[in-house]
2 protein chains.
Amino acid sequence: MKHVTAAEQLSDKNIKPSLQRIKILEYLRAHHNHPTADQIYLELRDEIPTLSKATIYNTLNLFLEAKLVRLINIEDNEMRYDSLLYNHGHFKCINCGRIYDFQLNSDVFEEMELERFQITDKNVYYKGMCPDCLDNKIK
Amino acid sequence: MKHVTAAEQLSDKNIKPSLQRIKILEYLRAHHNHPTADQIYLELRDEIPTLSKATIYNTLNLFLEAKLVRLINIEDNEMRYDSLLYNHGHFKCINCGRIYDFQLNSDVFEEMELERFQITDKNVYYKGMCPDCLDNKIK
DNA sequence: ATATGTGCAAACTGTTTGCAGCCGC
DNA sequence: GCGGCTGCAAACAGTTTGCACATAT
């Protein structure tokens with residue numbers, strides 16, 4: 001598999017690779033920390049001082065439509081974004097707020113009841129305490 | 001299993017069974033349509049004309065804390081509530097907006113990677129087209 | 001020159017909060 | 001009479017939208 005730059009990835013989806021769009025996509029590809037729009041904004045503002053939130057939102061919605069990223073909706077008051085597109089679950093620690101990825105057995109999704117449904121999007125969200133926070137509590 | 005009234009269920013959790021609280025819980029127990037706070041509000045307003053949205057939100061948050069209901073966060077701009085507490089998945093049709101419940105294999109959740117995690121909440125959200133909408137499209 | 005992207009500010013939506021009045025025990 | 005529930009309105013946060021300016025071809 002050859003390396004594809006962010007700019008190329010955008011062009012492939014017929015999205016004009018403007019500076020802002022490239023930077024936002026690069027950020028998502030480099031950081032799998034499931035950032036919110038705001039986090040991306042704060043990070044990129046140094047590099048692109050004129051950047052506005054509206055551009056972030058516009059761009060992320062564009063990416064969602066083009067399926068360049070996926071939306072993680074684990075908490076009701078925040079939309080998070082992820083450039084990993086394969087199916088995996090997300091675990092959010094209610095103590096530290098970190099979000100962890102985990103693999104899913106593919107057969108998780110063989111839900112007989114949904115035979116006649118056309119499933120286009122699958123999300124698995126768990127919440128609880130992560131090992132770090134559990135350890136710290138014991139201390 | 002004996003029948004438990006909404007009022008009893010509230011008392012069991014040390015929540016004073018006021019009229020509003022009883023009605024809201026009864027509504028959730030009777031309708032497994034995963035309503036938003038607004039839907040509940042609109043439905044109950046006829047019965048309780050003075051009812052305010054704030055009370056709905058306050059009450060639902062109270063119920064969440066008492067684990068009388070669970071939150072379904074399948075869409076980012078809406079919090080939905082469900083009085084079914086056993087583990088099941090939710091499928092949202094992107095065409096008609098309806099939400100369907102489906103059973104999950106219990107072994108779905110044996111995720112080795114999460115061995116050291118304490119999981120307190122599990123949500124499985126699918127999206128796509130439901131059979132009804134698929135049929136209508138063909139026509 | 002034209003089409004498209006960006007950035008500001010205002011608008012909007014859904015949820016939460018503060019506070020005064022009300023009710024039930 | 002007291003504690004706590006309710007309801008109004010205002011506050012709030014996150015997201016979206018309208019419009020004018022900037023930019024690139």
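Since we're looking at a predicted model, the values are computed, not measured. Proteins get letters first, then strands, A, B, ... in listed order; numbering begins at 1 in each.
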task = For the pair Tyr125(B) and His90(B), name the ring-plane relationship: parallel under 30°, tilted 30 to 60°, perpendicular over 60°.
result = tilted
When you group the ILVMFWY residues by side-chain heavy-atom contacts below 4.5 Å and let the links chain together, are [Y] and [X] in the same group?
| X | Y | result |
| --- | --- | --- |
| Tyr100(A) | Val124(B) | yes |
| Met79(B) | Leu42(B) | yes |
| Leu60(A) | Ile99(A) | no |
| Leu71(A) | Ile24(A) | yes |

Value in whole Å for how far the [atom2] atom of [N] lies from [atom1] of [X]:
| X | N | atom1 | atom2 | answer |
| --- | --- | --- | --- | --- |
| Leu10(B) | dG4(D) | CG | P | 17 Å |
| Tyr41(A) | dA13(D) | OH | C1' | 15 Å |
| Ile48(B) | dC5(D) | CD1 | P | 16 Å |
| Ile15(B) | dG3(D) | CD1 | P | 21 Å |
| Lys16(B) | dC2(D) | NZ | C1' | 10 Å |
| Arg21(B) | dG7(D) | CZ | P | 11 Å |
| Leu71(A) | dG14(D) | CG | P | 15 Å |
| Leu19(B) | dG4(D) | CG | C1' | 16 Å |

Counterpart residues, side chain to side chain donor-acceptor pair (under 3.5 Å), relative to His32(A) (two or more places apart) = none
Do [X] and [Y] come within less than 4.5 Å of each other through their side chains, counting heavy atoms only?
| X | Y | result |
| --- | --- | --- |
| Asp101(A) | Phe91(A) | no |
| Tyr27(B) | Asn33(B) | yes |
| Leu134(A) | Arg116(B) | no |

Ring centroid separation Phe117(B) to Tyr126(A) under 6.0 Å = no
Chi angles and distances behind the side chain to side chain contact (heavy atoms under 4.5 Å, CB included) call for Asp82(B), Val69(B) = CA-CA 6 Å; Asp82(B) 190 349; Val69(B) 300; over 6 Å; no
request  = Inspect the contact between Lys92(B) and Asp121(A) and indicate whether a charged nitrogen and a carboxylate oxygen are less than 4.0 angstrom apart.
outcome  = no
request  = Return the set of residues passing side-chain contact (heavy atoms from CB on, under 4.5 Å) with Gln39(A) (not counting sequence neighbours), or none when no residue passes.
outcome  = Pro35(A), Thr36(A), Arg80(A)
query = Quick one: CD1 on Ile40(B) to OG1 on Thr55(B), what's the gap to the nearest 0.5 Å?
reply = 12.5 Å
message = Generate the contact string for nucleotides 19-25 of chain D. Rules: B means base contact, S means sugar-phosphate contact only, - means no protein heavy atom under 4.0 Å.
response = -------
inquiry  = Output one letter per nucleotide in nucleotides 20-25 of chain C: B when a protein non-hydrogen atom lies under 4.0 Å from the base, S when only the sugar-phosphate is that close, - when neither is.
reply    = ------
Find every protein N or O atom lying less than 3.5 Å from an N or O atom of nucleotides 8-18 of chain C, and list the pairs.
{"from": "dT15(C)", "atom 1": "OP1", "to": "Met79(B)", "atom 2": "N", "distance (Å)": "3.2"}
{"from": "dT15(C)", "atom 1": "OP2", "to": "Tyr57(B)", "atom 2": "OH", "distance (Å)": "2.1"}
{"from": "dT15(C)", "atom 1": "O5'", "to": "Tyr57(B)", "atom 2": "OH", "distance (Å)": "3.3"}
{"from": "dT16(C)", "atom 1": "OP2", "to": "Asn61(B)", "atom 2": "ND2", "distance (Å)": "3.1"}

message = It should be established whether Thr55(B) places a side-chain nitrogen or oxygen under 4.0 Å from OP1 or OP2 of nucleotide dG7(D).
response = yes
key: Degree of bending, the helix from dA1(C)-dT25(D) to dC25(C)-dG1(D) (end axes from five pairs; round to 10°)   = 10°
